[in-house]
Amino acid sequence: MTATPIYEIRDLVKLYRRGSQEVVAVDHVDFDLMPGERLGIVGESGSGKSTLVRMMAALSRPTSGDIAFEGTSIVGRTDDELTGLRRGVQMVFQDPRSSLDPRMTVGDIITEPLRSRVWKGITRTDRAARLVEVMTQVGLDPQDASRYPHQFSGGQRQRIAIARALAPKPRVLIADEAVSALDVSVRAQVLNLIGDLVAEYGLTLVFVSHDLTVVRHVCDAVLVLRSGRVVEHGPTEQVYVDPQNPYTRQLLASVPRLRRDVNP
Amino acid sequence: MSLAALGRRLLSFAVSLLCASAVVFGLLNLLPGDVAGVILGPNATPESIEAMRTRLGLDRPVWLRYLDWLGGLLTGDFGTSALSGDPVAGVIGSRLAVTTWLVVLGMFLALLIALPVGMFAAMRRQRVDGLAASGLSQLGMAVPVFVVGLALSLIVGVKLRWLPANGYVPLTDSPGQWLAHLVLPCLTLGLVQGAVLVRYVRSAFIEVLQTEYFRTARAIGWRRWPAMLRHGLRNASLQIVTVLGLQMATLFVGAIVVESVFALPGLGLYLLQVVANRDLPVVQSIVMVLVALVLVINLLVDLAYTFIDPRLRGDATAASEADE
Amino acid sequence: MRRNPTLVAGAAMVGIVVALALVSVVWTPWPATQVSPDRLWPPGSAHLMGTDGFGQDIFSRVLIGARSCLLVGVVAVTIGALLGVPLGVVAAIDRGVLGRVLMRASDILYAFPALLLAILLAAARGQGSTLTAMTAIGISSIPAFARVARGATLQVLSQDYVLAARASGIRRTTIAVRHVLPNILPVVVVQASVSFGLAILAEASLSYLGLGTPPTTPSWGRMIFEAQPYMYSDLNLAIWPGLFIAIAVLGFNLLGDGLRDLLDPTLREVER
Amino acid sequence: MSLLRVDDLTVRFGRSRQPAVERVGFSIEPGERVGLIGESGSGKSVTALAIMGLLADTASCTGSIRWHDRELIGMPDAEYSRLRGEEFAMVFQEPMTALDPTMPVGRQVAEVLRLHEGAPPGRARGRVCEMLSAVGLPDAERVADSFPHQLSGGQRQRVLIAMSLINTPELLICDEPTTALDVTVQARVLELLRHALDVSSSAMLFISHDLAVVSQMCDRLLVMYRGSVVEEGAIADVLARPSHPYTAGLIATADIASVSPGQRLPVIDDFWDVPVDVPGRAGARRPLGSTRRTQR
Amino acid sequence: GCGQSSTETADRQLVVGASVAPNSMDPSTSDAAAISQALLYNVYETLLKIDGDGQLQPLLASEWAVSPDGLTYTFTLRSQAKFSTGAPVNAEAVVTSVERIIDDDAVLPVLKTQMEVVDSVRAVDDTTVEFVLKHPSNNWLYSMAERAGIIYEPTSLADLATTPVGSGPFVFSEWVKGDSVVLTRNESYWGTETRLAGVTFKYYTDANALNAAMLSGSLDVLSNVAAPQALDQFEDSRFTVLEGTTTGEIVLGYNHQTPALQDLKVRQAINYAIDREALRDAVWAGKGPLIGSMVAPTDPWYEDLSGAYPYDPDKARELLAEAGIASGSLTLRLRVPTLPYATPAATYIASQLSEVGIQVQVDELEFPATWIDQVLQQSNYDMTIVAHVESRDISLWADPTYYWHYDNAEFQQLLVEADEASTQTEQTALMKQAAQILSDDAAADFLWLLPNLVVTKSDVTGVQANAPSLSFDMTAAVAPPQ
Ligand SMILES: Nc1ncnc2c1ncn2[C@@H]1O[C@H](COP(=O)(O)OP(=O)(O)OP(=O)(O)O)[C@@H](O)[C@H]1O
Ligand SMILES: Nc1ncnc2c1ncn2[C@@H]1O[C@H](COP(=O)(O)OP(=O)(O)OP(=O)(O)O)[C@@H](O)[C@H]1O
Ligand SMILES: [Mg+2]
Ligand SMILES: [Mg+2]
Ligand code: NI
């Protein structure tokens with residue numbers, strides 16, 4: 001891959017004020033994201049994963065440092081100047097309950113991105129067509145478009161969230177703990193779906209998770225965060241097989257494994 | 001709370017007070033009719049009224065009078081009554097004492113009623129008796145204060161003659177009489193306010209009952225009521241204190257009705273009288289005192305909160321994002 | 001419905017009051033303000049609830065009184081909600097100077113409880129009037145609406161669907177209209193119901209203090225006020241309006257509780 | 001004789017027709033470690049709470065729960081309270097909320113002692129600190145004086161474990177004790193729990209939805225599915241020969257690590273095609289708009 | 001005292017319930033009737049006083065003489081009279097008090113008007129005062145018995161608003177603003193000492209609260225029942241009810257500047273349309289006489305004119321038609337003060353007038369400030385209801401600038417003549433004529449006379465039933481200690 005990076009992140013810092021204390025949520029983070037790359041971001045709770053990806057989606061402003069999307073900086077831009085980013089990047093969130101407006105139909109939820117001002121040209125019929133298309137893609141029955149989120153199971157809701165993200169045909173999909181709230185039994189389905197979609201449309205994926213085994217499954221590169229700092233960044237297999245950082249090693253060792261050899 | 005946070009809170013309190021004083025003064029100086037006419041009575045001539053207004057300084061520009069008044073307030077000088085010519089501060093002081101007794105004792109009674117009933121209603125919210133308790137409180141909330149007051153005054157005071165139907169005797173004159181005169185008004189306030197409180201106490205305790213830590217307390221072997229008292233009360237009191245603060249504040253004003261039912265010489269009744277007389281220096285000051293009381297109580301509630309809730313004591317207060 | 005007896009009871013009581021008001025528009029057994037020598041009649045066939053000290057028919061007055069009762073509630077709640085809700089929403093969305101100023105304004109307003117405000121406003125006009133009472137009660141319920149709306153808005157804003165909408169480039173105003181308003185509606189409706197009950201009580205208290213509805217308009221609060229001199233002999237005069245005030249307030253309170261359970265069982269208690 | 005014997009336990013909430021737990025039966029022997037696994041909403045917590053006698057008022061419980069031959073269902077609260085925290089104890093899922101936020105944790109632990117042994121405050125304090133050290137909290141004195149919000153999730157969960165073990169109960173019920181914790185913390189807490197149980201030789205009912213964790217903690221496994229126990233047996237047996245499709249699917253999906261990266265993960269639906277009769281609710285309703293089994 | 005100190009037999013401190021609280025203690029600078037109610041004759045004394053039958057009796061002056069031309073009055077003071085401070089009530093004090101009324105700017109215009117007729121006042125010797133009038137006036141002597149004639153302690157003038165000092169049988173002790181005024185026995189009273197230990201006036205804004213207080217036993221005397229509907233509650237051996245008269249004519253006043261009301265027919269129509277007897281029964285439980293003009297029964301020229309406009313709605317409709325007013329086309333604003341008799345009466349009147357086709361819009365104006373501002377000062381009203389409680393206030397009708405704007409030269413002339421009339425009979429005849437004019441002219445509708453409904457505990461005696469002056473005279477009250 002010789003293409004230019006789709007994201008260039010330089011010396012990114014984010015401070016939160018908490019009372020009179022300051023919390024460094026993201027601490028001098030640097031990395032590039034190539035088109036088509038599938039990057040996993042792992043780390044414990046509070047390590048700054050969400051903060052980082054929210055800044056990448058221009059939902060939160062960095063304290064210092066720079067983020068360039070397709071060569072132009074997105075830091076300090078007004079909403080109107082972010083059209084390119086808004087068209088190209090979509091997010092899927094952790095909790096399928098809170099990421100879907102309970103008072104909108106599934107159809108309205110999925111087509112909402114297309115009704116934003118960054119997609120002016122799209123007509124109603126275009127939207128309806130696209131709705132059927134994405135719902136089918138994620139394995140939902142287009143007939144269910146007039147139902148409300150609470151009428152769906154957790155796994156299905158997450159599919160709705162994914163359909164919404166796919167509707168505007170983004171180049172980058174950011175999934176912030178997209179499977180963490182799901183039951184093991186459903187998780188596999190959603191993971192498979194994401195894997196398939198990413199492969200099919202050549203999406204660039206940023207996949208946030210605290211679960212290393214999950215990341216290994218969908219990503220080709222991993223970035224390990226700890227207290228806002230990058231402690232390890234490399235191809236998935238390399239990180240898994242030969243972790244360089246002691247923290248990564250500890251993280252890997254802690255993953256519970258199925259023990260089939262029990263002697264009663 | 002850190003010193004800085006306390007400072008910020010106090011500063012915002014001061015700003016609120018200042019704004020409130022402007023509102024009070026502005027509103028009151030829009031009133032038609034003035035005290036000059038009241039003093040001079042039905043037979044006054046326009047000229048004599050003009051002369052009286054000049055004497056009272058009512059012809060000076062509004063902002064100048066505002067600044068004077070504000071300056072007076074800051075130095076503890078509430079001005080003098082246009083009608084009687086004596087200092088407002090003294091009158092308000094003695095009146096406030098009556099109202100404060102009424103409100104504080106009333107609130108105490110309300111708590112005395114609401115805590116057990118509310119806890120009971122929360123504990124047995126699925127049972128008939130628990131529902132009956134909260135239903136009763138709903139009913140209590142639906143009856144106007146003055147109806148309760150009139151009924152008590154009529155039955156206990158006039159028909160049974162167990163207690164004075166109304167009126168007031170200062171504590172210094174006769175403590176026994178003082179108490180006898182306060183029982184019915186306080187009971188009125190306590191019943192009505194208690195009914196409102198029951199609702200909050202109930203919901204606060206229901207919330208506690210559903211918490212994991214209450215379940216933990218039960219799991220280690222506490223029985224229901226002891227668990228409630230030991231772990232529920234303090235946590236529920238976080239919510240109850242807020243409500244109490246809000247109610248305490250409105251009670252000072254709500255006392256107006258009770259004071260007029262029972263002819264208690266409190267601040268509220270006095271306010272009605274001086275408003276009717278357009279004795280503006282007094283009206284302004286009373287309203288300001290009432291408003292300041294509300295604000296002070298809000299402040300105290302905030303402080304009480306940090307006292308009860310250890311989570312607010314450290315500096316780990318609610319996170320705030322500066323840049324969004 | 002069957003699972004929510006509170007709602008049913010509340011709706012029924014409110015229904016009674018609304019029905020009285022509607023009936024009074026087309027029919028009252030007697031002209032409600034006609035004095036007659038038939039004073040202080042006990043309830044009977046000619047006068048269902050008896051007559052008052054002026055020989056006016058109490059039932060007719062109760063019917064017409066339902067109108068003032070609803071009017072006061074509707075106007076007060078409309079003022080409170082129309083001004084309070086946007087205030088709370090804006091204060092929640094704009095965390096800058098504007099939001100803080102709005103919230104401070106609401107807090108200061110909060111320091112002027114309904115009764116105090118009504119006394120001042122009534123004094124300002126120099127005469128009690130339903131309009132003054134309604135305005136005062138309405139204004140003083142603004143902070144409650146603002147607080148409730150602000151809290152609910154903050155909660156909605158913390159939901160990921162708002163982030164998702166922002167990530168798609170939806171404008172804040174659109175978010176406010178499309179996501180925030182529909183989702184805070186339940187809380188606002190519940191608050192409205194409770195405020196309605198409070199408004200009725202406040203109007204009654206104001207009438208008692210002589211600052212509410214003027215003499216010739218029948219209003220329940222006023223009727224109790226006028227019944228006072230007869231309290232010793234003809235309790236009948238005070239009982240009917242008292243009963244209907246209680247029904248109306250209880251009805252709206254229960255309706256509020258029922259709606260809360262219906263719309264969202266996790267809603268917190270509303271401001272009072 | 002079994003320590004705990006549950007027979008035909010059925011729990012309903014309010015007037016709902018579907019029981020949350022239906023005809024559940026199992027037993028736990030002294031010192032035994034039993035895992036209870038199942039998808040979300042399958043009734044695991046309800047079963048545990050039924051044993052503790054802490055179900056909400058709306059719940060109605062039928063069947064039998066016997067503790068050392070004493071029937072627990074219908075036991076008066078006073079008597080039940082004497083057993084709770086003394087003979088059996090429970091650790092809850094959310095360490096964030098399971099401790100009273102307004103009380104130092106040391107006092108909360110000491111309460112357990114005082115409640116059941118009437119230990120004088122001074123001695124109680126000593127025992128509390130001892131216990132806190134035993135669950136791997138090095139600075140026990142400081143921790144005892146802390147409020148819950150001043151502790152991390154892992155520390156809080158340790159305090160809860162200390163609380164439940166301080167009276168060396170015969171049975172410890174853990175309801176997803178590590179679900180809210182980070183992996184590294186989870187590993188340490190599980191290790192500690194194992195160690196503590198070795199010392200106290202208490203029996204344990206361990207609830208989790210993570211088969212891997214259960215396989216490490218328990219000897220025996222119970223699988224719940226929609227309110228019923230659908231499988232029971234020694235861990236190794238169940239893992240080797242699952243008899244219920246849900247169990248089979250669970251085993252396959254739980255072992256992500258064994259699936260090579262990039263490959264499609266097995267999902268539970270894959271196993272439903274095997275026709276087995278599902279005990280419990282006959283013809284149980286699939287969730288609305290349920291995924292078609294044939295869908296890939 | 002005068003030797004026979006009776007401290008050992010002193011009666012108890014009586015608590016008197018009253019309706020309106022005073023807002024000052026100075027009767028000369030504040031118009032509140034409550035001040036005179038508590039202080040006149042009890043604390044403050046005048047040269048002569050009005051007794052229970054409305055007759056003038058000597059008080060500080062043992063006798064007085066009038067010159068034949070009616071211009072010079074010579075008063076002889078009692079030599080033993082002294083203020084509670086011990087200072088004597090001498091001619092000097094009388095001159096100071098009267099001159100203050102005339103000269104001090106702060107003094108109420110009403111009182112100044114009453115003393116306007118005084119040309120000069122002079123201390124002849126220590127116990128003799130001589131007044132020279134500009135013209136003969138019968139009203140003046142009467143005024144001297146009311147608050148304009150109060151003899152103040154000359155050194156106390158600065159603090160009148162808060163600490164009144166007089167020569168009466170009671171001394172002022174405490175004033176709790178808006179709540180009570182406490183008087184105690186003047187131990188060194190110059191005359192016959194009162195037997196009471198003192199009197200506490202306790203104020204209840206709400207008429208019903210006042211009744212309740214009396215019924216529950218908190219009061220010894222109820223000065224005037226303001227909610228007479230409950231009067232039968234006092235028919236009980238615990239209480240004595242005294243029914244007397246006051247000088248408070250309840251007047252449905254017309255604004256003679258309102259075009260419709262300038263028409264005599266319209267005014268008469270209104271008078272015919274109102275059933276005053278039924279109105280009084282409904283509003284004031286049938287208590288208080290119907291009067292028909294601005295004269296109280298205690299005045300010598302009282303005549304019952306209440307039959308002038310019997311209740312006759314047909315006649316009213318007829319008169320309205322004659323005046324060219326179609327039914328429903330006339331709307332009048334009835335703006336009433338928030339007083340216990342006014343609002344109910346307004347409700348009643350509004351209903352009765354609507355039956356004859358006059359629309360009435362009732363406004364309730366807060367009393368006193370708003371009512372005074374809107375009605376009295378700005379004349380912004382068509383009709384209003386208020387009781388005029390001063391004695392002999394028929395003279396108000398002679399002032400065309402007063403809020404009714406009633407301007408009748410004949411009436412004014414009659415009043416002047418009556419005032420200057422040399423004999424009582426002549427004065428009475430002229431006054432009767434004047435009162436008749438008001439009635440014929442339908443200058444107002446004189447609804448009824450506020451009754452004096454005094455309730456005392458049955459062991460309290462010596463309280464007078466009538467209230468011909470503003471004073472609530474407790475000087476003769478007796479009550480055994482409890
Ligand atoms: N709005 C905020 N205000 C203040 N502090 C915040 C805020 N959001 C996050 N933080 C803090 O910033 C740090 C990083 O948080 P972040 O949410 O990015 O972590 P995370 O890795 O996503 O954790 P999790 O796995 O729990 O989602 C934490 O310490 C957190 O408490
Ligand atoms: N208090 C309650 N009232 C009504 N229904 C309840 C209550 N508690 C639990 N349920 C219902 O009982 C069923 C079983 O719930 P339970 O909490 O036991 O599930 P679980 O297996 O513990 O799930 P999870 O893994 O999510 O904790 C669910 O359908 C739930 O909705
Ligand atoms: Mg996160
Ligand atoms: Mg559970
Ligand atoms: Ni601090």
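First the proteins, then the strands, lettered A, B, ... as listed; each starts at 1.
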Please round to the nearest 0.5 Å and tell me the distance separating atom OG of B:Ser137 and atom CG of C:Asn253.
-> 9.5 Å
Part of B:Val158 within contact of chain C (heavy atom distance under 4.5 Å) | side chain
Heavy atoms only: give me the nearest C:Tyr208-B:Ser260 pair and the separation to one decimal.
-> CE2-OG, 3.9 Å
Heavy-atom proximity to chain B below 4.5 Å, by part of C:Tyr232 = both
Test B:Gln138 against every option in C:Thr6, C:Leu250, C:Val249 by the side-chain contact (heavy atoms from CB on, under 4.5 Å) rule and name the one that passes.
-> C:Leu250
Flag the pair B:Phe252 / C:Leu116 as yes when at least one side-chain heavy-atom distance between them is below 4.5 Å, and no otherwise.
-> no
Non-hydrogen atoms of chain B under 4.5 Å away: do they reach the side chain of C:Leu209, the backbone, both or neither?
-> side chain
All side chain to side chain contact (heavy atoms under 4.5 Å, CB included) counterparts of C:Ala66, not counting sequence neighbours = C:Val17, C:Leu20, C:Ala21, C:Trp220
C:Ile108 and B:Cys19: which non-hydrogen atoms are nearest, and at how many Å?
-> CD1-CB, 3.2 Å
Part of B:Ser12 lying under 4.5 Å from any heavy atom of chain C = both
Heavy-atom distance under 4.5 Å to chain C: side chain of B:Leu293, backbone, both or neither?
-> neither
Part of B:Leu154 within contact of chain C (heavy atom distance under 4.5 Å) = side chain
Identify which of B:Ile297, B:Val143, B:Val287, B:Leu17 forms the greatest number of heavy-atom pairs closer than 4.5 Å to chain C.
-> B:Val287
Whatever's closer than 4.5 Å to a heavy atom in chain C on B:Val147 counts as side chain
Nearest heavy-atom pair of B:Val294 and C:Ala111: which atoms, and what distance?
-> CG1-CA, 3.6 Å
Derivation and outcome, side-chain contact (heavy atoms from CB on, under 4.5 Å), residues B:Val23 and C:Phe112 | CA-CA 10 Å; B:Val23 173; C:Phe112 291 86; 3.8 Å; yes
Contact leader toward chain C among B:Leu150, B:Val145, B:Val15, where contacts are heavy-atom pairs under 4.5 Å = B:Leu150
Residues 102-113 of chain C vs salt bridge (charged side-chain N to carboxylate O under 4.0 Å, His left out), sequence neighbours excluded, gives C:Asp107-C:Arg147
